Amino acid sequence: MTFAAQRVGVYGGAFDPPHKAHHSLAKFAIAQLRLDKLIVLPTGRAWHKPRELSRAEHRVAMVQIAFADLPCVQVDVRETERQGATYTIDTLDELLQERPSSELFLLMGADQFSAFDTWHRWQDIAQIATICIASRDSSAYLKPPSLRVNPALAACKILDLDMPNMPVSATQIRQRVRQGLDIDHLVNPDVARYIAQYGLYAAPN
């Protein structure tokens with residue numbers, strides 16, 4: 001008897017904090033890609049981030065809160081525990097070793113894909129996983145400019161995710177917290193309470 005390969009989504013990010021657009025992407029990806037499991041990975045030491053991220057324990061806790069209502073989501077902390085810089089290819093290699101019969105789908109935003117050919121071993125990533133691209137703003141994403149700049153990207157397995165327009169960013173949320181503005185419409189209310197409880201993103205005294 002043969003069994004169909006499990007369809008596993010991989011969704012990494014700083015999640016500093018996780019917001020409603022992150023949740024929406026996960027929900028739509030699970031449905032559109034018919035995922036059996038979606039692995040959500042808070043970033044560890046992100047080589048490409050110009051700023052220091054919030055402590056991993058806070059970001060992991062907020063991710064667990066934000067995605068708690070999606071049964072097939074599994075929060076994976078391996079990148080926060082990895083020493084040194086965090087690279088997507090290392091995580092995908094590990095996941096494939098753990099799930100050799102799985103089909104991997106790597107979720108990312110159009111802004112991330114625009115720089116995909118600068119990622120560490122991006123060609124290997126494209127061999128391992130199908131790249132699934134979601135745009136925050138549907139009017140801003142027709143075809144990634146990277147495809148025109150680097151024709152080699154055209155050989156990647158790419159799928160577009162049909163997403164509603166949700167122009168919200170973690171940067172915007174952090175700014176609103178510093179300004180003392182409400183964020184309940186941008187994040188899960190329990191995430192908002194967590195942020196307030198631990199004083200995350202507040203302006204320094």
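Note that the structure is a prediction, hence the values are computed from the model and not measured. Just the heavy atoms: all of them, side chains too, but no hydrogens, waters or symmetry mates, feed the values below.
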Using the test ring-ring contact (aromatic ring centres under 6.0 Å, His included), find all partners of Phe28 that sit at least two apart in sequence or belong to another chain.
-> none
Geometric class of the Phe15/Tyr11 ring pair [parallel <30°, tilted 30-60°, perpendicular >60°] = perpendicular
Under 3.5 Å, which donor-acceptor pairs do the side chains of residues 59-71 form with other protein atoms, sequence neighbours left out?
unit_1 : atom_1 : unit_2 : atom_2 : d
Arg59  : NE     : Ser54  : O      : 2.9
Arg59  : NH1    : Ala14  : O      : 3.0
Arg59  : NH1    : Thr43  : O      : 2.9
Arg59  : NH2    : Thr43  : O      : 2.8
Asp69  : OD1    : His23  : NE2    : 2.8
Asp69  : OD2    : His23  : NE2    : 3.2

Electrostatic pair Arg82-Glu94, nearest N-O below 4.0 angstrom = yes
Between Thr91 and Glu79, does any side-chain donor sit less than 3.5 Å from a side-chain acceptor?
-> yes
N-O pairing of Arg99 and Asp36 below 4.0 Å | no
Pairwise distance CD(Gln197) to CG(Asp190) - rounded to 0.5 angstrom | 11.0 Å
May I ask you to decide if the ring planes of His19 and His22 are parallel, tilted or perpendicular, using 30° and 60° as cut-offs?
-> parallel
Run the numbers on Leu200 and Val177 for side-chain contact (heavy atoms from CB on, under 4.5 Å), then give the verdict.
-> CA-CA 8 Å; Leu200 302 182; Val177 173; over 6 Å; no
Take atom CD in Gln127; do more than 12 heavy atoms of anything else shown fall under 6.0 Å from it?
-> no
If every non-hydrogen atom of Ala5 is compared with every non-hydrogen atom of Ser101, which pair is closest and at what distance?
-> CB-O, 2.8 Å
Sidechain-backbone polar pair: Arg34 side chain, Arg7 backbone, donor-acceptor under 3.5 Å = no
Between Cys132 and Leu33, what is the shortest heavy-atom contact and its length?
-> SG-CD1, 3.7 Å
Minimum-distance pair of heavy atoms, taken over all atoms of Ala129 and Leu92 | CB-CD1, 4.4 Å
Partner set under salt bridge (Lys or Arg N to Asp or Glu O under 4.0 Å) for Glu98, not counting sequence neighbours | Arg78
At what distance, to the nearest 0.5 angstrom, does CD1 of Ile30 lie from SG of Cys72?
-> 3.5 Å
Correct closest heavy-atom pair for Tyr201 and Pro17 would be OH-N, 3.2 Å
d(Tyr198 OH, His58 NE2) to nearest 0.5 Å is 7.0 Å
Working for side-chain contact (heavy atoms from CB on, under 4.5 Å), residues Val10 and Thr88 = CA-CA 10 Å; Val10 181; Thr88 299; 5.9 Å; no
dist Ile39:CD1 -> Ser102:OG (nearest 0.5 Å) comes out at 8.0 Å
When rounded to the nearest 0.5 Å, the distance separating CD1 of Ile125 from CH2 of Trp119 is 6.0 Å
On a heavy-atom basis, the closest approach of Arg178 and Ala202 is CG-C, 4.1 Å
Residues Pro189 and Asp184: closest non-hydrogen pair is CA-OD1, 4.4 Å
Test Thr171 against Gln175 for side-chain contact (heavy atoms from CB on, under 4.5 Å), laying out the working first.
-> CA-CA 6 Å; Thr171 301; Gln175 290 173 344; 3.8 Å; yes
Validation row: Ile128, Leu95 side chains within 4.5 angstrom (heavy atoms) = no
Go through the steps for Tyr87 and Arg121 under the test side-chain contact (heavy atoms from CB on, under 4.5 Å), then give the verdict.
-> CA-CA 9 Å; Tyr87 295 110; Arg121 292 175 56 197; over 6 Å; no
Lys27, NZ: over 12 other non-hydrogen atoms inside 6.0 angstrom = no
Determine yes or no for a side-chain-to-main-chain donor-acceptor pair under 3.5 angstrom, with Arg174 supplying the side chain and Asp16 the backbone.
-> yes
Atom pair CG (Asp76) and CD (Glu81), whose distance is rounded to the nearest 0.5 Å = 8.5 Å
Output yes when a side-chain donor or acceptor of Gln32 lies under 3.5 Å from a complementary backbone atom of Asp162, and no otherwise.
-> yes
Give a yes or no on this: more than 12 heavy atoms of other residues, nucleotides or ligands lie within 6.0 Å of atom CD of Gln83.
-> no
